[in-house]
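Counting starts at 1 for both ligands and their atoms, following the listed order. Nothing here was measured: the structure is a model prediction, and the numbers come from that model.
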Amino acid sequence: MNIENNGFYGDFGGAFIPEMLYHNVNELKENYLKIIESESFKKEFSNLLKDYVGRPTPLYFAKRLSEKYNTNVFLKREDLNHTGAHKINNTVGQILVAKKMNKKRIIAETGAGQHGVATATVCALMGLECIVYMGEVDIKRQAPNVARMKMLGAEVRPAISGSKTLKDATNEAIRDWIANPVDTYYLIGSVVGPHPYPDMVARFQSIISEEMKLQLQEKTGRDYPDRIIACIGGGSNAAGAFYHYLENEKVELIAVEADGLGIATGETAATTQVGSEGIIHGSKTLLMQNEEGQITEPYSISAGLDYPGVGPLHAHLFKSGRGIFLGATDQEALDAAYELTKLEGIIPALESAHALAALHKIDFKADENVVVNLSGRGDKDMETYIRRLQ
Ligand SMILES: *Cc1c(COP(=O)(O)O)cnc(C)c1O
């Protein structure tokens with residue numbers, strides 16, 4: 001994938017970090033490619049993906065959904081992974097990198113708690129200490145995930161500054177990393193953060209499109225689809241689903257952001273629509289900010305899309321026009337979740353339901369092959385679904 005060049009995707013990316021972080025980020029930058037391209041890493045990673053995560057995930061031809069939209073819809077079933085979403089692909093990869101770098105202590109930040117759970121899971125698997133920073137407000141909102149992290153042996157530390165949400169937890173994690181440069185590994189959960197994180201996370205998630213190529217070849221006689229649709233918070237499941245098709249212009253790449261209550265209301269997480277260029281989490285990208293450059297609070301019914309930026313790859317796909325960016329509101333996502341459940345017997349995560357909601361917004365030809373990346377399962381969203389029962 002040469003769309004990435006030394007940490008930059010077009011105008012976006014890089015490592016805009018305080019000097020005190022330079023040593024840590026540079027140590028990772030100097031080592032990550034050597035590690036992940038080594039034979040021993042590749043073997044361990046693929047064994048764990050197979051036997052622990054449960055890969056390959058199926059590419060399922062959704063017959064009734066296809067009839068409804070009069071085209072061929074395939075679902076890439078990331079919801080069937082261990083812990084219920086694509087996030088585990090990345091945490092398994094990074095925990096192996098941390099081990100090879102002799103790190104003993106893992107830190108992470110989490111908003112909804114899903115990345116925290118995926119991190120606590122691999123720390124338990126490897127017997128490593130795990131500290132997860134989480135905004136005090138989010139700790140209250142996401143009690144079941146907090147309980148999971150604790151059962152898995154992680155310490156959940158509340159971030160009590162600012163709005164007490166994800167960006168404050170990120171600040172705490174960065175502070176911790178600066179204070180503990182030798183033994184600590186900072187495990188980031190999406191294609192965000194300073195270089196090399198966006199590139200490294202995209203590589204770990206690229207297993208999604210790697211499998212898709214083989215599965216499409218087998219099912220359709222061609223290793224690429226006409227369109228791929230994925231929801232986008234930070235952008236890691238989309239990056240993984242797009243990865244091996246970034247340079248194949250025959251494939252339309254569609255990213256779906258959370259419009260929340262609607263872009264006009266301001267209660268939204270649709271970064272490419274309401275955001276502008278700036279620096280967040282050490283990366284130059286698109287983000288939601290006020291006139292003073294302070295990050296503004298995003299909103300979405302789905303906690304995993306409630307992020308005030310997009311990774312630099314996606315900022316580039318948006319600006320260059322290579323990617324098509326659509327949005328789905330809370331209500332559209334709920335409708336799409338109920339539709340998938342009723343037509344296919346699959347309850348999707350609210351995040352993934354945003355990708356499904358885009359099916360309504362596209363004019364398909366009858367013989368097209370469309371892959372929707374079903375990033376996660378809906379168990380964690382049952383309370384919301386029941387409250388809004390249709
Ligand atoms: C976290 C999450 C997302 C959003 O994160 P990306 O990095 O944009 O993929 C999407 N779907 C599910 C199920 C998630 O848990």
Which protein non-hydrogen atom lies closest to [atom], naming both residue and atom, and how far is it?
atom	value
atom 6 (P) of ligand 1	Ser236 N, 3.2 Å
atom 11 (N) of ligand 1	Ser375 OG, 2.7 Å
atom 15 (O) of ligand 1	Gln114 NE2, 2.4 Å

When you compare the side chains of [X] and [Y], does any donor N or O come within less than 3.5 Å of an acceptor on the partner?
X	Y	value
Glu210	Tyr243	no
Asp176	Tyr133	yes
Asn237	Glu351	no
Ser40	Lys100	yes
Arg77	Thr57	no
Thr268	Gln273	no

Has ligand 1 got any nitrogen or oxygen that is less than 3.5 angstrom from a nitrogen or oxygen of [X]?
X	value
Gly233	yes
Gly235	yes
Gly376	no
Lys380	no
Ser352	no

- request: May I ask you to identify, for His115, whether its side chain, its backbone, both or neither come under 4.0 Å of ligand 1 on a heavy-atom basis?
  value: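 Neither part.
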
task: In sequence, state the C-alpha distance, the side-chain angles, and the governing distance for Ser163 and Lys167, and then conclude on side chain to side chain donor-acceptor pair (under 3.5 Å).
output: CA-CA 8 Å; Ser163 55; Lys167 70 175 166 49; 3.3 Å; yes

- request: Just jot down the ligand 1 atoms closer than 4.0 angstrom to any heavy atom of Lys87, in number order.
  value: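 Matching atoms, with element in brackets: 1 (C), 2 (C), 3 (C), 14 (C), 15 (O).
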
query: Which atoms of ligand 1 sit under 4.0 Å from any heavy atom of Gly304?
result: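 Counting from 1, the qualifying ligand atoms are 4 (C).
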
field: Option with minimal heavy-atom separation from atom 10 (C) of ligand 1, where the choices are Glu351, Glu257, His354
entry: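 Checking each option, the heavy atom nearest atom 10 (C) of ligand 1 is found in Glu351.
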
field: Pair Lys380-Gln142, side chain to side chain donor-acceptor pair (under 3.5 Å): steps then yes or no
entry: CA-CA 10 Å; Lys380 67 184 177 56; Gln142 311 290 342; over 6 Å; no

message: Are Ile95 and Val97 connected into the same hydrophobic cluster when the rule is that any two of I, L, V, M, F, W, Y join if their side-chain heavy atoms are below 4.5 Å apart?
response: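 Yes, one cluster joins them.
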
task: Report yes or no: does His86 have a heavy atom closer than 4.0 Å to ligand 1?
output: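 Per 4.0 Å heavy-atom rule, His86 contacts ligand 1.
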
